[in-house]
Amino acid sequence: MNLLCQRLNLTSLDAQLPALLDAARVQHLSYEAFLELALTAEVAGRQQRAQERRLRAARLPFPARLDSFDFRFQPSVSERLMRELASLAFLQTATNVLLLGPPGVGKTHLACSLAMAALEVGHSALFVTLRDLAQQLSAAPPRGGQAAVTRYSQPTLLIIDEVGYSSLSAEQAQGLFDLVATRYQRHSTILTSNLTFAEWGALLGDVVLATALLDRLLHHAEVLAINGRSYRMRQRMGADQMAPVLRGGSRADEPLGNILAE
Ligand code: ADP
Ligand code: MG
């Protein structure tokens, strides 16, 4: 029987067969009930392996959960909005999510928890820091350049983390624009950043390109400005010593021209 399971690639059934046969004997299962039990075990095993593959492929830095996020610690994050996002309706409308704020406020945690929710129901997700993405966008073919744009265009959910820690070359800025334009109205992107929108011109080295990029990014977007304390520093400093750092807050509804002209 093991040999037959192996020839048919029934890995989970192969592993569980002795236990399933015992259960069938003890419970006097009918042929139909036993066959259903056996097939269900195989299907569940396959789903779990596919889930593990998707999780590995997503390259998340840590498997964060919304349930482990302390909303009381970070009151500027709307729990209602995060729960709504975790229901994943935003993926259907290719809505983007921008998580803005200083270091340690939970941007990467929140982004990863949305990715985990998406992976759990079978979507593909991919995590990359802007620094790594930029390197790949300007790398030589066959992996770099257009191939990188194509690779990062595919996943249903893309997370671009730490936008703003490094500024981009002209080639990298164009690559990032191409990626955002390709994903626009097709797939959702989550971006985390410590920058205000006014600073994107300097990041891309081109105000016109930054305006065009932000235009697409923000057309269908939820912008969460987190202006609280660093969770990393919570044990070292008292709450009152950590002043909110992000200047400007959420400015999604302001015309881009105004923001970028500042
Ligand atoms: P950021 O990306 O904004 O710099 P992170 O998401 O990396 O911050 O958060 C830093 C660490 O603190 C992570 O380990 C994260 O899980 C944890 N963390 C941040 N905010 C919270 C919070 N409100 N509740 C629970 N853990 C948090
Ligand atoms: Mg982070």
Side-chain angles (χ1 to χ4, degrees), residues 55-56 58-88 90 96-120 125-137 152 155 157-168 172 176 179-180 188-200 202-204 217-218 221-252:
L55 183 57
R56 273 196 305 276
R59 297 164 164 259
L60 301 183
F62 51 94
R65 300 268 173 192
L66 210 51
D67 288 336
S68 64
F69 191 83
D70 184 351
F71 286 93
R72 275 169 311 174
F73 182 84
Q74 211 58 266
S76 66
V77 178
S78 158
E79 179 166 5
R80 186 198 55 73
L81 177 57
M82 282 312 303
R83 300 253 170 237
E84 189 187 307
L85 289 170
S87 78
L88 303 175
F90 78 102
N96 300 318
V97 179
L98 278 86
L99 297 162
L100 309 178
V105 293
K107 301 182 297 296
T108 304
H109 184 123
L110 292 171
C112 288
S113 52
L114 293 181
M116 291 289 286
L119 290 162
E120 260 157 33
L126 185 54
F127 178 101
V128 68
T129 61
L130 181 62
R131 185 196 170 87
D132 287 351
L133 176 63
Q135 271 172 8
Q136 294 176 51
L137 289 170
Y152 286 98
L157 179 59
L158 176 68
I159 298 174
I160 306 178
D161 197 35
E162 298 190 345
V163 172
Y165 286 104
S166 44
S167 45
L168 307 182
Q172 292 169 336
L176 181 64
L179 176 59
V180 168
S188 299
T189 305
I190 301 179
L191 252 122
T192 82
S193 182
N194 60 341
L195 297 184
T196 62
F197 295 135
E199 292 167 312
W200 282 58
L203 172 79
L204 280 93
L217 208 56
L218 297 174
E222 292 287 353
V223 180
L224 285 84
I226 312 172
N227 49 10
R229 296 174 285 147
S230 165
Y231 196 83
R232 289 196 192 97
M233 308 289 267
R234 72 195 185 288
Q235 277 131 352
R236 265 183 265 169
M237 293 192 187
D240 43 353
Q241 287 171 273
M242 287 286 292
V245 188
L246 181 73
R247 287 154 292 123
S250 171
R251 309 179 59 184

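Order of appearance sets the numbers: ligands from 1, and atoms from 1 within every ligand.
Among protein residues, Phe62, Ser68, Phe69, Asp70, Pro102, Pro103, Gly104, Val105, Gly106, Lys107, Thr108, His109, Tyr231, Arg232 come within 4.0 Å of ligand 1, judged on heavy atoms.
Side chains of Ile190 and Asp161 form no contact here, defined as non-hydrogen atoms less than 4.5 Å apart.
From Leu179, atom CG reaches atom CG of Leu158 across 6.0 Å, with rounding to the nearest 0.5 Å. The line from NZ of Lys107 to CG of Leu191 is 12.0 Å long, rounded to the nearest 0.5 Å.
When distances to the Mg ion (ligand 2) are checked against a cut-off of 2.8 Å, Thr192 contributes no N, O or S atom below that limit.
Counting non-hydrogen atoms of neighbouring residues, nucleotides and ligands closer than 6.0 angstrom, the CZ atom of Arg131 reaches no more than 12 such neighbours.
Of all heavy-atom pairs spanning Trp200 and Thr196, the tightest one is CD1-O, 3.2 Å.
The salt bridge (charged side-chain N to carboxylate O under 4.0 Å, His left out) search around Arg72 returns Asp70, not counting sequence neighbours.
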